Amino acid sequence: MMSPRKSLGVMLPLGGGDPIPLKKDELVIGRRPNCDIRLDFENISGKHCMLKFIRGTWHVRDLGSTNGTTVDGLRISSEHGLLPDNELGIAGHFFRLEYDAAAPTSVMDANMILEEEMAETPRLHSLMELAGLENTDAPVRRSPSARTPKAPERVARPMSEDAGFSDDHGLRDAPEPEIVTATDDDFFEMIKGDVKNDPPKRK
């Protein structure tokens, strides 16, 4: 007696719905009635994509559809392996394949390439980063010259009563200047002193 063929798994709609059995090694998915898996949605092409079971792992290939086929959000242009934790997108309708995957090395390599392509996608920057005012990847370093100077200490100014000024803009309590009057005798004494200190010049 022949043993029944092992199940190839099911395709689970992530938005809700009945599981779709995977009955053959090669399945065409599309909107046409003669497709192996018919998805009757307007944005799905007549023959949208194809599933192939190769060496214990499902692979997907787009058949030139209008709205594309994606794996984990990335649109594919060639055949790509599908592991149970991958998300299959068919024109915006998302599924997950549930099966026992063999996961050969070639499939693992293909998934690594996909991850690298997604990692190389440029990250969106904020306007602050584009202006050079913000960098989330490195700590901000400031040169000593760029440091904010210390604010000057506030100087307490005396009130007008304590400043020592009078209303007529003169110093309060300032001593009166002493006036000395010179006489003619004082003037002659100064001249005599100068003559004595200056000896006569020889001819």
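Quick caveat: nothing in here was measured; it's all calculated off a predicted structure.
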**Q.** Test log, rule side chain to side chain donor-acceptor pair (under 3.5 Å), inputs Asn67 and Asn43
**A.** CA-CA 7 Å; Asn67 296 311; Asn43 59 343; 5.4 Å; no
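- To the nearest 0.5 angstrom, Cys35 atom SG is 6.5 Å from Lys47 atom NZ.
- By the ring-ring contact (aromatic ring centres under 6.0 Å, His included) test, Phe41 is found to be paired with His93, residues two or more places apart in sequence or in another chain being considered.
- Heavy atoms only, all atoms of each residue included: Tyr99 and Gly9 are closest at CB-CA, 3.8 Å.
- Rounding to the nearest 0.5 Å gives a distance of 5.5 Å between CD1 of Ile20 and CD1 of Ile37.
- At distances below 3.5 Å, not a single donor-acceptor pair connects side-chain atoms of His48 with backbone N or O atoms of Gly46.
- Both Leu82 and Leu8 are part of a single hydrophobic cluster, where members link through side-chain heavy atoms under 4.5 Å apart.
- Between His59 atom NE2 and Glu79 atom CD the span is 5.5 Å, to the nearest 0.5 Å.
- Using a 4.5 Å heavy-atom threshold, the side chains of Phe95 and Leu14 count as separate.
- Among Arg96, Met11, His80, the single residue meeting the side chain to side chain contact (heavy atoms under 4.5 Å, CB included) criterion with Leu88 is Met11.
- For Asp62, the side-chain hydrogen bond (donor to acceptor under 3.5 Å, both in side chains) partners two or more places apart in sequence, or in a different chain, are Ser65, Thr69.
- Here CD of Glu98 is found 5.0 Å from CG of Leu12. Values are rounded to the nearest 0.5 Å.
- Under a hydrophobic clustering in which Ile, Leu, Val, Met, Phe, Trp and Tyr are joined whenever their side-chain heavy atoms come within less than 4.5 Å, directly or via other members, Val28 and Ile44 fall into different clusters.
- For residues 27-36, the pairs satisfying salt bridge (charged side-chain N to carboxylate O under 4.0 Å, His left out) are Lys24-Asp36, with sequence neighbours left out.
- Hydrophobic clustering places Trp58 together with Leu83 (ILVMFWY residues linked when any side-chain heavy atoms are closer than 4.5 Å, directly or through intermediates).
- Taking 4.5 Å as the limit, every side-chain heavy atom of Ser45 sits out of range of all side-chain heavy atoms of Leu63.
- Both Leu51 and Val71 are assigned to one and the same hydrophobic cluster, defined by single-linkage of ILVMFWY side chains at heavy-atom distances under 4.5 Å.
- Heavy-atom minimum distance, Gly89 versus Phe94: CA-CD2, 3.6 Å.
- Note on Leu22 and Leu39: same hydrophobic cluster, where clusters join Ile, Leu, Val, Met, Phe, Trp and Tyr whose side-chain heavy atoms are under 4.5 Å apart, directly or indirectly.
- Put simply, the side chain of Asp72 never gets that close to the backbone of Asn86: no donor and acceptor are under 3.5 Å apart.
- Environment of CG in Asn34: crowded, with over 12 heavy atoms of neighbouring residues, nucleotides or ligands closer than 6.0 Å.
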